[in-house]
Structure formats: structure tokens, C-alpha cells
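Contents: one structure, followed by commentary.
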Amino acid sequence: MSAPRFLGTGRCVPDRVVTNDELSEIVETSDEWIYSRTGVHSRHFATHESGLDLAEGAARQAIERAGISPEDIAVCLVGTCSPDRASPSTACRLQLRLGLPEDTICYDLNAACAGFLYGVRTAHALLADTSRPYALVIGVEVLSRMLDMQDRNTCIIFGDGAGAAVIRRDEEASWKCEFGTRGNETAIWVQGPGPEPSFIHMDGKPVFRFAIDVVEKCIRRLLAAEGCTLDEVDLVVCHQANARIIDHVVKKLRARPEQFFKNMETYGNTSAASIPIALAELDASGALKPGMRVLCVGFGSGLTWAGMLFRW
Ligand code: COA
């Protein structure tokens, strides 16, 4: 038996705030349309900040709040689908910025909006036989660089930012998790490096249907595996893609809306960064207390998903 234990969290977003009203000067849309369809009022777009800068800001906060030293970190994983460079990885570059030991296991992983939870799962496994006790797991995105600002279907949805957590293995604790993917290449996709600008393409309706279906089923399966009810979970933190997705899931599960955290209003959809940003915000506000039962579900391009039910 063993589970990841969260020791400290952090978040970092670019300075520039872009409101729906600003976007409505670029494409034909309105604050009313965007807010009613997505729950987003504003998001942050990077200007002078790189993804590495945002990742570093979130990581430093998480390390400080965990009360550990960078020398005690054995694993540094970065979930991202919008890295500054194809190579070296953001995690490698963080090794130098943060002063992590040279033998730290550092790499990026791409599981789209589920990237942070894939990172936690992988880091937990890697920590089983490292000589130092802690892992740094980060989700960071600069999605604004992949947005076609003429496409009102996508440019209104996404935002930039980073969230981070320091975890260790708790050999006394247990958790339930699940991971899945469907090999879908058409619902949300990005071409990647090449001569043309590489934009996010999205077919919104199938993504919406996938999300409400998979989040509901994933939550039901995790609860069944744990042998508890949703009432016995203190907080559900879903990927902050869209408020309506969360509202549909709440209705399907007949849950209490206040159990399901939402902060997309001021961040937009920050993909791999959304869950760690949410956890860091909750942690900083004192809403997360040791021993609380927390359920996280990420979902996105792939169509990939991940769920985790654990104790804070
Ligand atoms: N402003 C105003 N009108 C818009 C618009 C915008 N930003 N984007 C699309 N429209 C228009 C469409 O052109 C369409 O017009 P038409 O009827 O004249 O053709 C109309 O609004 C309805 O479009 P539709 O695509 O049916 O809207 P929708 O209700 O499905 O909402 C999304 C679109 C993208 C908000 C919705 O599909 C969604 O949230 N999908 C999930 C996306 C997501 O979460 N992605 C990330 C997952 S990780």
C-alpha cells in the first residue's frame, strides 16, 4: 500500500489579463456568449514570460510551501503540450534554474489536459526506488502561442499558466486512480513543429460529449473501487475546461454543486496546468486540510483522461 502525499503547491500566471471584451474586438463574439457557453470571463496570455518562467515560479512556490530543499528532489516531471522548445525539455531546463541535483530524473510528458495527473502517477512510481524522497510535478502551458486568433471557436477557451506540487510517497496511505485514452486524432489536435504556424484545432461538440461521459464514469468507477459515496468526498477538482461540463456532471451524479471546484472564470482552460493551479489555489486559501478526501479528473486531447481519489 502506498499513495502520493502532497506537501506543497504553487501557481504562476502571466501578468497580462485578456478579457472577453478584448477578444470581442478581434473576433465576432461577446462576453455574454463566452461566459454563458464556457464560464470564462478572462484568461492570462504570456507576453514576456516563457513557459519555463511560469514553471519556475510555480515550482519555487511549491518547494517553499513544502519546506524542503531542491537538493532533496529526485524526480522533476513537467506535463505540457506547449513547451517553449521541442528539446531540451522544460524539466531539463528547470534542473539548472532550480538547482536540482544532476541525477534528478527530469523529463516532460504530454497527456494534454490530463498531464499533471499522469505526472503524479509516474512520479509516485519512480519514487519507489530513488535515493531522495521528493518529486516535483508541474503542469505548464503557453497555449496562446498555439491559438489562431481568427478562430472564435478556440481562441476564447484557452489560457496560459503553471501549477506545481511537491509530493512524496506515503507508504501508509492508499489511493485509487485510473488512466485511459482512445487514440482520437480529430476532436482536438495540434500539428506540431513545421513551417506553418501550428494552431489548436477543435471540434467542440464531440469533446463536450466525451468529457461529460468520461468524467461521470471515471468518478463512479473510482468511488466503487474505494467503496465510498460521493458524499464522503470533500472536494472534486475537475480539469477546468468549461463550467457547463462540470454542471452537467454534477447533475448526472446528483451531486452538491459546491463539492465541485471551479476557477475557469479568471484562468480559462489552461490544459495540463488547470488541476495543479486549482489545487494550489485551494491549498493557499486553506480549503484543503490534511486527511480530506479529494477526487481529481483530467480529460482532453487524445481523447485522454485520468482520475485520482486520494487523501490530502
Ligand atoms: N462567439 C459567438 N458565437 C460563436 C462562438 C463565439 N466565440 N463560437 C462559435 N459560435 C457560434 C457558431 O458559429 C455557431 O453559429 P451558427 O449556429 O450560426 O453556425 C453557434 O455559435 C453555435 O456553435 P456551436 O459550436 O454549436 O456552439 P456550442 O454551444 O457547441 O459551444 C463550445 C461551443 C466550443 C463552447 C462547446 O462546444 C464546448 O464547450 N466544447 C467543449 C470544448 C472544451 O472544453 N475543450 C477543451 C477540452 S480539454
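Whatever order the structure lists them in is the order used to number ligands and atoms, beginning at 1.
If you number the atoms of ligand 1 from 1 as listed, the ones under 4.0 Å from a heavy atom of Glu28 come out as 1 (N), 2 (C). Within ligand 1, counting atoms from 1 as listed, the ones closer than 4.0 Å to a heavy atom of Ile156 are 7 (N). In the vicinity of His239, heavy-atom distances shorter than 4.0 Å reach the ligand 1 atoms 48 (S). Interface of Cys113 with ligand 1, defined as ligand atoms under 4.0 Å from a residue heavy atom, comprises 48 (S). Atoms of ligand 1 found under 4.0 Å from any heavy atom of Phe299 (numbered from 1 in listed order, with element): 48 (S).
Contact annotation: the side chain of Val249 approaches that of Phe260 to within less than 4.5 Å [non-hydrogen atoms, C-beta and beyond]. Between Thr19 and Asp31 there is no side-chain heavy-atom pair separated by less than 4.5 Å. Contact annotation: the side chain of Thr80 never approaches that of Leu109 to less than 4.5 Å [non-hydrogen atoms, C-beta and beyond]. The side-chain heavy atoms of Ile219 and Leu223, taken from C-beta on, include a pair separated by under 4.5 Å. Between Glu32 and Ser36, the closest side-chain pair of non-hydrogen atoms falls below 4.5 Å. Residues Cys228 and Arg293 have side chains in contact (heavy-atom distance under 4.5 Å, counting atoms from C-beta outward). Side-chain contact between Val250 and Glu216 is absent, with no heavy atoms from C-beta onward closer than 4.5 Å.
Residue-level proximity to ligand 1 for Thr29 is carried by backbone and side chain together, each with a heavy atom below 4.0 angstrom.
Taking the six-membered ring for Trp and thresholds of 30 and 60 degrees, His201 and Trp189 have nearly parallel ring planes, at less than 30 degrees apart. Using the six-membered ring where Trp is involved, Tyr267 and His44 have ring planes that are tilted, between 30° and 60° apart.
Taking a 4.0 Å cut-off on heavy atoms, Ile245 registers as neighbouring ligand 1.
Note: no N/O pair closer than 3.5 Å links Asn269 and ligand 1 by distance alone.
Looking at atom 45 (N) of ligand 1, its nearest protein heavy atom turns out to be Met202 SD, 3.3 Å. With respect to atom 47 (C) of ligand 1, the closest heavy atom belonging to the protein is Val207 CG1, 3.6 Å. Of all protein heavy atoms, the one closest to atom 39 (O) of ligand 1 is Asn242 ND2, 2.5 Å. The closest protein non-hydrogen atom to atom 40 (N) of ligand 1 is Gly204 O, 3.0 Å.
Under the 4.0 angstrom criterion, atom 14 (C) of ligand 1 counts as lacking any protein heavy-atom contact. Counting protein heavy atoms under 4.0 angstrom from atom 23 (O) of ligand 1 gives zero. Note that atom 18 (O) of ligand 1 has no protein non-hydrogen atoms nearby, at separations under 4.0 angstrom.
A search for salt bridge (Lys or Arg N to Asp or Glu O under 4.0 Å) contacts involving Arg132 returns Asp103, not counting sequence neighbours.
In summary, the aromatic rings of His239 and Trp305 are positioned with their centroids too far apart to meet the 6.0 Å limit.
Distances from atom 26 (O) of ligand 1 to the heavy atoms of Lys205, Arg37, Met264 show the closest one on Lys205. If you check each of Trp33, Trp305, Phe208 against atom 33 (C) of ligand 1, the one with the closest non-hydrogen atom is Trp33. The option with the heavy atom closest to atom 7 (N) of ligand 1, from among Arg152, Arg244, Glu32, is Arg152.
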